[in-house]
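One structure, as structure tokens, below. Some questions next.
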Amino acid sequence: MLVSVGLIRWSGWSTSQISLTNSYLPPFQHHLYWLGTDRLGRDVSAMLLSGYETTILISLPIMLLAAGIGIVLGGLAGYFQKVRIYLLAFLLKVIVVGCLLWEIYITIEAASLGNASIYGWLFICLLGLIWAMIHFLQRKWEKLSFWAFYLPVDQLFIRLTELLSSVPRLVLILCLATLLRPSYFNFGFVVLITYWIPAARLMRAEVLRIKQQYYIEAAKANWLQDFYILWKHALPNALPTIRISFVFGLASLIILESTLSFLGVGLPPETVSWGKMIAQNYQDGQHWWLTFFPVLGLLLVIGSLHYLADYWQEGGRKWW
Amino acid sequence: MIIYFFRRLVLFMGTFWLVSIFAFLAVRLIPEKYEETAFYIEEATATPYDTLPLFYVSLKRSATPSFTYQSSIEKRFGNRMSWHYGNHQQLEELILTLRKLPPTKYDLFLTTASKEGHSLTNPFTLLFSDASLSIPLRKQLREAFYNLQNNPKVYQNYIPRLQWYGANNAYHVWLVSFIQGDWGTSHTNKQAVNTVVFNTLVRTVYWTGSALFLLIILSFLVAIYLHHSRFSQWRKPFFKLIYLIDTIPIFVWGTLLISILASVGWLFVSTYADRSTRLISYGVAVALLVFTNFPYAFKQLYEAISEEKKRPYVQTAYAKGLTEWQVLRKHILKNALYPSITVFSGYLPALVTGALIIEIIFSIAGIGRLLHGAVLGRDYALLLALILVIAFVRMLANLIADILYLWADPRVKV
């Protein structure tokens, strides 16, 4: 799959090359345009490859990032179900961290407006010092540690995922895509808001299962650090399940990307993509090759991803 | 029961309030960064609360004045001055003195003084030597400006200040008018938002509701029939078919269907069509929605019935001598109904998504198409109303599902 990504660059075909004398050439008739041409005489095969490149280059990194976020959050929620919190120190820290974030924002804004001064960095250092002070005082000074309670990290995680998955995904993405400028970065950001959830849920369930195993108990008996156990014992055992959800997520992300470009939302208007090719030509019954090949490509990619996921799910056996 | 209902209602209101805050702030805050369109959108989407502060509280730099600005250009000027000199007390005094100028003169001054890269002092020296102004005013201006210039406190920019505005803010004004029924006007079709939204909402609820009804009946029938041993050889091919339907995206099904129908000659001209053509169009849309959502619903129900089949009461029923058909219909189906309630209410988001794409492809004037239009036209008033309506319907469906579950299955405790 990855090998074919660079194909369009390497082959030197162009998607923007217009030859009006060759418009609406049917496929398999011309020695140069194998899959025919569109209204402006652009090569369909080149557009197909370029659309494939956009699909993969957008979906794969976003899905990798989403899976990463999901693994981290789900693993933490599953492993540390409740965290012991000292109210006073916690509140102080929250306020200090809030101020710190605000300070960083203001400093960046000042720098971008050309008004940078030493004060921003000074305040950031000061707040960092205060945070460190609270952190150490909390250990040294018992009186700051009163009012302890348990923060239900796991419950919070479940509520958050429920809230996010109750919103229709396409509606959420449509609305956010309006408010933001259409670009690859913003598209990734908007998609990430919902796509980390399946991986996180699965990771949480896996960690809950793995936590009951004897080897975790053995690791704890050996005084290994929690994060070391998560990294070395829980993660490798959870990966086979996660990769299946990853592939399913990738397929659904490809569908989402093509749907959004079909609707004309989200990606910058100059990108070539299969969804847009279908959207522009599906009412044109006469020139079937303009719709047929992108649809075929989409189905092949999604079908092969599903096949791979099923192959893994069935433990490497072919099931049909 | 009553206490539970009351608690759910309070939770419902609270969630809706939070959603309204998020939606309002997102719609008002983010578009400012989108400068290419902000220029022409600013005129079209002007609202009565544009000059008010955005929310009840705000976190500001201490260097900015504590009152709100009269216009966006004054805000730009104030920001520029505060970044340069800090010291909000002197800045407040300066701006209050500047407001005593004749309005045209003040506007002219602001246009030159608020531009980035231009000199800050030059517009002031021009004012000080302006013979058309009275001498005491010029003296006041000079004093205020030199007070600011001689006492710079740039560090105030880096100290946060929480400011409370009370009820006189944009969100509050908007919320009150929203509750009273005034949802603003949409700038793409120049109509009151609430009439547009309700007209389309009725249509969407009508056709997606009938699709949901059909979907439930169809998936129940197929799941029950496939569990009967007479149809056991059909299971494998049927599952492969389901898999195929599930793999292909909805919009591909939609485009396929519409090109087939176009080649047959049933083209849809839904807005000007007569009643029967419109009914055909709705019928095809409903069929497509049922078809594309069928795999998920069917799988869930099939699983639920398989779970029920393992229960001991099924064996008891067989032991009493009932036929397989009677057991399936009278015992298993009734018990499998309960989990199906949560299945269908949890499935609503996907149904909404499917409805959106189908409405766009078949040009049915429903909520989905309205949303798409609002997105493409950047119609923020309409978008805000649509977000809230969709969230409201969604939460209402959740609430109804929970109450139904409670009512249907007495074993569930509150």
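Note on naming: letters A, B, ... go to the chains in the order of the sequence lines (proteins, then strands), and numbering restarts at 1 for each one.
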Check: Heavy-atom distance under 4.5 Å to chain A: side chain of B:L244, backbone, both or neither?
Finding: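 It is neither, since no heavy atom gets under 4.5 Å.
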Item checked: Main-chain N/O of A:T55 paired to A:E257 side chain as donor or acceptor, under 3.5 Å ->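 No.
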Check: Can you tell me if A:T54 uses its side chain to pair, donor with acceptor, with the backbone of A:S50 under 3.5 Å?
Finding: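 Yes; judged by distance alone, with no hydrogens or angles, the pair exists.
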Check: Which region of A:I254, side chain (C-beta onward) or backbone (N, CA, C, O), has a non-hydrogen atom less than 4.5 Å from a non-hydrogen atom of chain B, or is it both or neither?
Finding: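 When you check distances to chain B, no heavy atom of A:I254 falls under 4.5 Å.
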Item checked: Residue B:V252 versus chain A: region with a heavy atom under 4.5 Å ->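 Looking at B:V252, just its side chain touches chain A.
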Next item on the list: Say whether, by atom type as modelled, one donor and one acceptor occur between the side chain of A:E103 and the main chain of A:F123 under 3.5 angstrom.
Entry: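 No, the answer is negative, given that no donor and acceptor are paired below the 3.5 Å cut-off.
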Notebook entry, point to check: Between the side chain of B:T204 and the main-chain N/O of B:L201, is any donor-acceptor distance below 3.5 Å?
Noted result: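 Checked: no pair found.
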Checklist line | chain B interface, residue from A:V295, A:V265, A:L174, A:L256 that has the most non-hydrogen pairs under 4.5 Å | finding: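 Option with the greatest count: A:L174.
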Next item on the list: Answer with side chain, backbone, both or neither: which region of A:I302 has an atom nearer than 4.5 Å to a non-hydrogen atom of chain B?
Entry: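 For A:I302, heavy atoms of backbone and side chain both lie under 4.5 Å from chain B.
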Checklist line | For chain A, the option from B:D246, B:T15, B:I159, B:N79 that forms the most heavy-atom pairs under 4.5 Å | finding: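 Between B:D246, B:T15, B:I159, B:N79, the count favours B:I159.
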Next item on the list: Quick one: pull up CZ in A:F262 and CD in A:Q280 and give me the separation to the nearest 0.5 Å.
Entry: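 It is 11.0 Å, given to the nearest 0.5 Å.
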Check: By a 4.5 Å heavy-atom criterion (distance strictly below it), what part of A:I106 contacts chain B: side chain, backbone, both, or neither?
Finding: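 Contact with chain B is through both the backbone and side chain of A:I106.
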Next item on the list: Count the heavy atoms of every other residue, nucleotide or ligand shown that sit under 6.0 Å from CZ of A:R159, and state whether that count exceeds 12.
Entry: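 No, the 6.0 Å shell around CZ holds no more than 12 heavy atoms from other groups.
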Check: Using the ring of each side chain (for Trp, its six-membered ring), is A:F157 parallel, tilted or perpendicular to A:W196, with breaks at 30° and 60°?
Finding: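 Judged by the thresholds at 30° and 60°, the geometry between A:F157 and A:W196 is tilted.
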Check: Does any heavy atom of chain A fall under 4.5 Å from the side chain of B:R80, the backbone, both, or neither of them?
Finding: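 Neither part; nothing is under 4.5 Å.
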Next item on the list: Would you check if A:S117 and B:Y158 make a side-chain contact, meaning some heavy-atom pair closer than 4.5 Å?
Entry: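 Contact flag for A:S117/B:Y158 side chains = yes.
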Note to self: At a heavy-atom distance under 4.5 Å, which candidate from A:I118, A:L172, A:I255 has the highest pair count against chain B?
What the structure shows: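 If we count pairs closer than 4.5 Å to chain B, A:I255 comes out on top.
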Check: For the candidates A:G264, A:G120, A:A251, which exhibits the highest count of non-hydrogen atom pairs separated by less than 4.5 Å from chain B?
Finding: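 Among the listed options, the one with the most contacts to chain B is A:G120.
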Next item on the list: Give the member of A:A279, A:S258, A:S252, A:C99 that has the highest number of heavy-atom pairs under 4.5 Å with chain B.
Entry: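 Top option by heavy-atom pairs under 4.5 Å: A:S258.
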Notebook entry, point to check: Does any heavy atom of chain A fall under 4.5 Å from the side chain of B:I390, the backbone, both, or neither of them?
Noted result: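 Side chain only.
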